Amino acid sequence: MTAYRELATLCQQLEQTSSRLTMRRLIAGFLRRVEPSELEIAVNLIIGRVFPEQDPRSMQMSFASVFRLLGELNLPTEVYRRSYSTAVDAGEAVRMILKHASHKSRRLSIAEVHRQLESIAVSRGRGSRKERDHMFRDLLSQIDEIEAKYVTKSMFGEMRHGASEGIMLDAIAEAASVSSDLVRRAHMFAGELGHVARIALTKGEKGVRDVRIILFRPIKPMLARTANSLEEAWTELGGTLALEYKYDGARVQIHKRGRTVRMYSRRLTDITRAFPELIEQLRKLPAERTLLEGEIVGVDPAGKPLPFQHIMRRVTRVHQVQRAMKKIPIRLHLFDCLMVGDEMLVDSSYEIRWKTLLNTVPADLVASRLVPRSIVQASAFFQDACSKGHEGLMAKAMSSPYTPGTRGKSWLKIKFADTLDVVILAADWGYGRRHNWLSNYHLGVLDEESGEYVPVGKTFKGLRDDEFQSLTERLLSIRTAERHNTVYVKPEIVVEVTYNEIQKSPHYPSEMALRFARITRIRNDKSSNQATTLQTLRELHRKELARKGEVS
DNA sequence: GTTGTCTGCCC
DNA sequence: ATTCTGC
DNA sequence: GCAGAATGGGCAGACAAC
């Protein structure tokens with residue numbers, strides 16, 4: 001058995017360096033000396049996971065739970081106040097608080113710490129909240145404050161020591177003396193870091209090479225990079241590309257063997273039971289074995305795509321699936337085929353995979369696509385997609401292989417986006433590396449009827465560090481009030497915000513919220529009475545909705 | 001039984 | 001999801 | 001160019017509080 005303390009020490013060392021090579025070396029050394037039976041657990045805990053990626057169990061513990069139970073220690077109020085205001089993150093706050101509780105470490109092993117975390121995760125049903133709190137407090141009483149810090153961090157998935165999945169993969173490769181590329185490929189197919197580590201360290205290169213795609217073990221989806229315009233995508237791909245509609249729905253990976261069909265989400269969660277009508281349809285496909293990928297969108301009776309919110313009502317649904325099925329009909333748009341029969345197509349070109357897809361499934365299940373001959377034709381297709389209520393287009397390089405889990409340059413997404421000039425109404429204090437900055441800005445538009453500014457969303461994106469710093473100073477100088485973590489300010493600062501959609505909001509009184517808002521400019525040239533008005537925003541929202549379908 | 005809070009997971 | 005930063 | 005970090009809106013489900 002390896003002491004959990006050693007894992008905590010490793011994390012402390014990682015925290016002290018920003019060099020990836022050093023982190024890789026430190027982790028590799030640790031993986032080589034950790035007790036083999038604890039290897040898989042350790043690999044996950046180090047990068048901030050209690051359970052492997054595909055494990056459906058979760059801790060059901062968050063900041064609120066942990067701070068509630070720490071409050072029960074009845075330490076001086078000053079200890080809590082100082083810890084919360086000084087600590088950069090939750091793990092650090094826990095350490096600072098527990099320093100005053102002076103628990104002695106019983107030197108639990110990695111396996112024992114994990115066993116206790118597991119029993120917290122499986123506690124369910126009436127009274128389980130209290131039971132989980134009790135069990136976690138019990139765990140804290142057996143470890144010292146340094147160990148508690150990293151247990152908390154693993155539980156919250158925020159290590160903040162700079163090493164995560166990517167560096168872990170390199171470390172596994174180094175520890176096992178196997179090439180990094182092979183280890184990464186094995187991980188994309190196996191989907192579980194712990195398994196990859198065990199195989200690499202016990203079976204070496206041969207074991208890693210033998211990992212391949214198996215049906216009903218979902219693989220990491222290939223990711224796309226964003227292009228700012230169609231022209232940019234065209235240039236980047238050298239004009240030899242295909243365009244597909246980018247549907248605003250849920251990405252799914254479909255595995256079929258005989259009459260058995262299962263569907264997995266982008267994060268590899270099994271969501272088969274949410275879409276019975278689709279499963280039934282897919283079971284009838286002639287292909288005996290296949291692995292397909294596509295996007296599911298909600299549609300109205302006329303077939304127009306519904307806003308994203310509606311498909312979300314179905315993806316995570318467990319109860320009343322049949323009722324949701326009637327209310328929110330769906331359509332599947334397939335765009336890739338990674339396996340047919342015994343043939344593995346991951347390394348085949350996109351062109352070949354597309355042809356195989358067409359030969360495998362009926363045409364009405366396939367995404368709309370165009371191989372453009374000119375950029376003019378491409379632009380028309382983009383307009384076409386947007387006007388029909390879709391998100392935009394995907395541009396794909398014809399000869400590119402499927403590269404699971406990586407954001408390569410062979411898939412580019414081009415999304416509709418627009419800008420508004422909005423006013424900063426308030427800002428939240430940041431967390432972690434933004435601890436000392438006001439980092440999350442509440443955005444408002446002017447209601448011409450009342451003359452008041454009403455919130456329509458928040459954003460923390462778009463500014464550079466130096467801009468956060470100067471904006472923090474500026475905002476503090478016009479502060480009107482401060483409550484909890486939020487500083488309210490005079491509505492004076494105007495920022496240009498880029499967004500992708502105006503959503504119907506059940507939360508904001510304006511009943512609208514901006515999706516994916518990011519600051520693209522600080523409009524020092526504009527005063528707040530020149531900002532976008534609520535009335536204008538409503539009009540834009542109406543126009544957006546007119547392109548999309550409606551639920552009856 | 002209803003409403004509110006927390007959590008995880010879609011984007 | 002998007003964006004910025006450091007290697 | 002990759003990897004990591006910070007954090008958005010909104011959905012269902014599970015449980016807690018009333």
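Per chain, numbering begins at 1; letters A, B, ... match sequence-line order. All values below were derived from every heavy atom in this structure, side-chain atoms included, with hydrogens, water molecules and symmetry-related copies excluded. Predicted model, so just to flag it, every value in this text is computed and none were measured.
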Hey, does A/Ala517 reach any base, or is it just sugar-phosphate, or nothing, if we go heavy atoms under 4.0 Å?
-> nothing

State whether the number of non-hydrogen atoms from other residues, nucleotides or ligands found under 6.0 Å of A/Lys409 atom NZ is greater than 12.
-> no

Looking only at heavy atoms, what is the nearest atom pair of A/Val487 and A/Leu438, with distance?
-> CG2-CD2, 3.8 Å

Under 4.0 Å between a side-chain N/O of A/Asn440 and OP1 or OP2 of D/dA6, yes or no?
-> no

Could you check which of D/dA12, D/dG4, D/dA3 has an atom nearest any side-chain atom of A/Arg317?
-> D/dA12

Rounding to a whole Å, what distance do you find between A/Leu69:CG and B/dC6:P?
-> 14 Å

Looking across every strand, which nucleic acid part, if any, lies under 4.0 Å from A/Glu158 by heavy atom: base, sugar-phosphate, or nothing?
-> nothing

How about A/Arg273: does its CZ atom have over 12 heavy atoms from other parts shown lying under 6.0 Å from it?
-> no

Round to a whole Å and report the spacing from CZ of A/Arg434 to C1' of D/dG8.
-> 11 Å

Value for CZ (A/Phe382) from OH (A/Tyr245), rounded to nearest 0.5 Å, stands at 11.5 Å

Atom NZ of A/Lys461 and atom P of D/dA5 are separated, to the nearest Å, by 17 Å

For A/Ile167, which contact category applies under a 4.0 Å heavy-atom criterion: base, sugar-phosphate, or nothing?
-> sugar-phosphate

Are any of A/Ser62's side-chain N or O atoms less than 4.0 Å away from OP1 or OP2 of B/dC6?
-> no

When rounded to the nearest 0.5 angstrom, what distance separates OG1 in A/Thr472 from CD in A/Glu467?
-> 11.5 Å

Distance, rounded to the nearest Å, where A/Phe156 contributes CZ and D/dA6 contributes P | 14 Å

Checking all strands, does A/Arg68 fall into the base, sugar-phosphate, or nothing category for heavy-atom contacts under 4.0 angstrom?
-> nothing

Determine the contact category for A/Thr459: base if any of its heavy atoms lies under 4.0 Å from a base atom, sugar-phosphate if only primed atoms, P, OP1 or OP2 are that close, otherwise nothing.
-> nothing

Taking CG from A/Leu463 and C1' from C/dT2, how many angstroms apart are they, rounded to a whole number?
-> 13 Å

Does A/Ser19 have any side-chain contact (heavy atoms from CB on, under 4.5 Å) partners at least two apart in sequence or in another chain, and if so, which?
-> A/Thr17, A/Leu21, A/Thr22

Would you please confirm or rule out a distance under 4.0 Å between OP1 or OP2 of D/dA6 and any side-chain N or O of A/Arg160?
-> yes

In whole angstroms, the gap separating P of D/dA5 from CE of A/Met159 amounts to 10 Å

Set out, line by line, the N/O atom pairs under 3.5 Å between protein and nucleotides 14-18 of chain D.
residue, atom, partner, partner atom, Å
D/dA14, OP2, A/His319, NE2, 2.8
D/dC15, OP1, A/Gly125, N, 2.3
D/dA16, OP1, A/Gly127, N, 3.2
D/dA16, OP1, A/Ser128, N, 3.3
D/dA16, OP1, A/Arg129, N, 3.0
D/dA16, OP2, A/Gly127, N, 2.8

Start at the 5' end of DNA chain C and walk down; is the nucleotide closest to A/Thr226 or to A/Leu21 reached first?
-> A/Thr226

Given atom CD1 of A/Ile46 and atom C1' of D/dG4, what is their separation to the nearest angstrom?
-> 17 Å

Nearest-Å distance, NE2 (A/His507) to P (D/dA12)?
-> 16 Å

Verify whether the ring centers belonging to A/Phe67 and A/Tyr84 lie closer than 6.0 Å.
-> yes

Closest to the A/Arg433 side chain, choosing from D/dC11, D/dA5, C/dA1 = D/dA5

Hey, could you give me the CZ/CD distance between A/Phe51 and A/Glu118, rounded to the nearest 0.5 Å?
-> 5.5 Å

Which protein N or O atoms sit under 3.5 Å from an N or O of nucleotides 9-11 of chain B?
residue, atom, partner, partner atom, Å
B/dC10, OP1, A/Ser265, OG, 3.2
B/dC10, OP1, A/Thr269, OG1, 3.2
B/dC10, OP2, A/Ser265, OG, 3.3
B/dC11, OP1, A/Arg251, N, 3.0

So what does A/Ile519 hit on the nucleic acid, given a heavy-atom distance under 4.0 Å: a base, only sugar-phosphate, or nothing?
-> nothing

Check every strand shown and say whether A/His161 touches a base, only sugar-phosphate, or nothing at a heavy-atom separation below 4.0 Å.
-> sugar-phosphate

Of the listed D/dG9, C/dC4, D/dG4, the closest approach to the A/Asp465 side chain comes from C/dC4

Per atom distances to the A/Lys458 side chain, the nearest of D/dA6, D/dG9, D/dG4 is D/dG9

Of the nucleotides D/dG9, D/dG10, C/dT3, which has the atom closest to the A/Tyr508 side chain?
-> D/dG9

Side-chain N,O (A/Arg518) to OP1/OP2 (C/dT3) below 4.0 Å | yes

Counting heavy atoms from C-beta on, name the nucleotide in D/dC11, B/dG8, D/dA5 closest to the side chain of A/Met59.
-> B/dG8

Flag yes if more than 12 heavy atoms outside A/Glu232 fall under 6.0 Å of its CD atom; otherwise flag no.
-> yes

So, is A/Thr406 close to the D/dC2 phosphate, meaning a side-chain N or O under 4.0 Å from OP1 or OP2?
-> no

Would you find a donor on one side and an acceptor on the other, under 3.5 Å apart, between the side chain of A/Glu131 and the backbone of A/Ser123?
-> no

Got a sec: does the CZ of A/Arg57 have more than 12 other heavy atoms crowding it under 6.0 Å?
-> yes

